[in-house]
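Just below is one structure, and these are the notes that go with it.
This is a predicted model, so every value here is computed, not measured. Letters A, B, ... are given to chains in the order of the sequence lines, protein chains preceding strands, and every chain is numbered from 1.
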Protein chains: 2
Amino acid sequence: MAPNTDQRPRPERRGDETRERILDVAVELFNEQGYERTSLRQIAERLGVTKAALYYHFKSKEDILLELHLRLHAVGRDALEQLEGLDDEAVVAAWPSLLDTLIELLLANRDLFLVNQRNRKALQAFAEDGRHVDAGQDIEARFGRLLADPKIPLERRVRMAASVGAVVATLAAGEVFGDATADDVARLARGVARDVVRQPGDAL
Amino acid sequence: MAPNTDQRPRPERRGDETRERILDVAVELFNEQGYERTSLRQIAERLGVTKAALYYHFKSKEDILLELHLRLHAVGRDALEQLEGLDDEAVVAAWPSLLDTLIELLLANRDLFLVNQRNRKALQAFAEDGRHVDAGQDIEARFGRLLADPKIPLERRVRMAASVGAVVATLAAGEVFGDATADDVARLARGVARDVVRQPGDAL
DNA sequence: GTCTATATTTCGATAGAC
DNA sequence: GTCTATCGAAATATAGAC
């Protein structure tokens with residue numbers, strides 16, 4: 001193979017590694033303090049570099065949060081693609097299985113999830129300021145449309161909203177259950193989710 | 001009765017009325033944009049006064065949020081006093097009834113609730129900076145201790161966390177259920193909450 | 001009680017050396 | 001790729017007139 005004559009440093013090299021570390025520290029701080037209360041100075045200090053260095057890797061503070069949003073979407077992309085083309089009724093039918101997937105993903109990417117959940121306002125502000133965050137296939141937008149669809153019985157929709165709330169609250173509480181392994185909590189969360197979606201009147 | 005010779009303007013007069021309006025506008029804007037993204041200039045403009053006027057009524061921006069926090073506590077005080085002296089096991093027993101109260105209060109003070117829920121980080125930051133927000137009888141702290149109590153079976157604790165998450169998510173979703181009256185949503189929320197707390201193995 | 005005007009601080013972002 | 005130095009904007013907060 002010919003030697004690498006590319007002037008740019010190879011991707012997946014030292015540079016991208018620093019980029020990763022920036023994102024890691026950002027997730028930490030955004031979760032501890034929130035996005036708005038976290039300054040670039042804090043991120044830089046915890047990382048042991050200067051603010052200006054951050055600007056080499058990201059063109060703005062918003063871009064850091066936006067990148068974290070994209071990563072969450074990447075995590076849920078497989079699940080999202082399964083829904084492509086399905087109408088709302090079909091999504092309702094698939095809901096119990098979707099909740100299991102949600103629990104699994106939430107457990108494996110807890111911090112990333114929480115950052116996105118706790119900074120919804122900031123993300124939606126960017127979107128309104130012209131920045132498109134996927135537009136049509138945004139997962140949250142689709143969920144909102146689902147809850148508004150009058151073709152689905154109200155109780156079904158309420159229980160969908162409640163099931164997500166129950167799961168997120170349970171896994172966000174996470175380590176307050178001092179004892180308890182992650183697997184224990186996940187198993188119990190699945191049980192709760194099942195009880196929420198299975199409404200009275202459903203066939204057993 | 002002798003004429004009022006007090007130099008200060010009477011309480012519950014024009015002054016407190018403006019104070020109320022400030023809090024009302026603050027709740028609106030904090031819910032629309034979040035606490036950190038809302039500037040005092042915006043509050044003043046929507047109110048038709050200047051920033052300086054706000055500082056006559058509140059000594060800082062934090063104080064506005066803190067006041068809203070105190071109001072929420074005032075709303076839930078009756079419910080909280082019922083729990084005084086009860087040990088954790090007794091609270092668990094009272095949980096189903098507490099959830100009904102939560103639903104009722106949440107529905108009657110939706111905006112106030114949401115501001116406090118969405119700005120938890122900011123409030124807890126103030127508390128750590130020396131400002132005491134009740135210390136011992138803070139409702140959220142008590143809830144956290146309850147979830148950590150190993151004397152309560154894990155599944156019970158998980159279901160308590162999940163029930164609150166389900167209720168809050170349902171009522172926060174609120175108007176996305178385009179049709180549906182508040183009463184409908186409240187009734188369905190009670191049903192869901194009941195299904196969450198009543199775990200398998202409980203006597204019917 | 002509300003105003004105008006301004007002080008003070010902090011933050012995001014850029015320029016240019018190394 | 002990271003640094004020093006700094007800019008400009010915006011925010012909180014204060015001083016003092018009315």
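- Protein atom NE2 of B:His57 is 6 Å distant from nucleotide atom C1' of C:dG1, rounded to whole Å.
- In terms of heavy atoms, B:Pro96 sits closest to B:Val92 at CD-O, 4.0 Å.
- Just one residue in the list A:Arg156, A:Arg157, A:Glu155 forms a side chain to side chain contact (heavy atoms under 4.5 Å, CB included) with A:Arg159, and that residue is A:Glu155.
- Distance, A:Gln42 CD to C:dT10 C1': 11 Å, rounded to whole Å.
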### Summary
Protein-proximity profile, nucleotides 12-18 of chain D, B/S/- by nucleotide at the 4.0 Å heavy-atom cutoff, equals BBBB---

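- Seen from the ring of A:Phe30, B:Lys121 does not count as a face-on cation partner, given the 6.0 Å and 45° thresholds.
- Atom P of nucleotide C:dT2 and atom CD1 of B:Ile43 are separated by 15 Å, given to the nearest angstrom.
- Nearest heavy-atom pair, A:Leu107 versus A:Ala182, reported as atom, atom and distance to 0.1 Å: CD2-O, 3.9 Å.
- Under 4.0 angstrom from either OP1 or OP2 of D:dG1 there lies at least one side-chain N or O belonging to A:Tyr56.
- By the side-chain hydrogen bond (donor to acceptor under 3.5 Å, both in side chains) test, A:Glu36 pairs with no residue at all, sequence neighbours left out.
- At whole-Å resolution of the value, CD in A:Glu45 and C1' in D:dC3 are 15 Å apart.
- Ionic pairing of B:Asp24 and B:Arg21 is not present here: no N-O contact between side-chain nitrogen and carboxylate oxygen is shorter than 4.0 angstrom.
- In this structure, B:Gln33 places its CD atom 14 Å from C1' of D:dA11, rounding to the nearest Å.
- Going from atom CZ of B:Arg37 over to atom P of C:dG12 covers 12 Å, rounded to whole Å.
- Note: CG (B:Leu54) to C1' (D:dA11) measures 13 Å, nearest angstrom.
- Residue B:Thr50 places at least one side-chain N or O closer than 4.0 Å to OP1 or OP2 of C:dC3.
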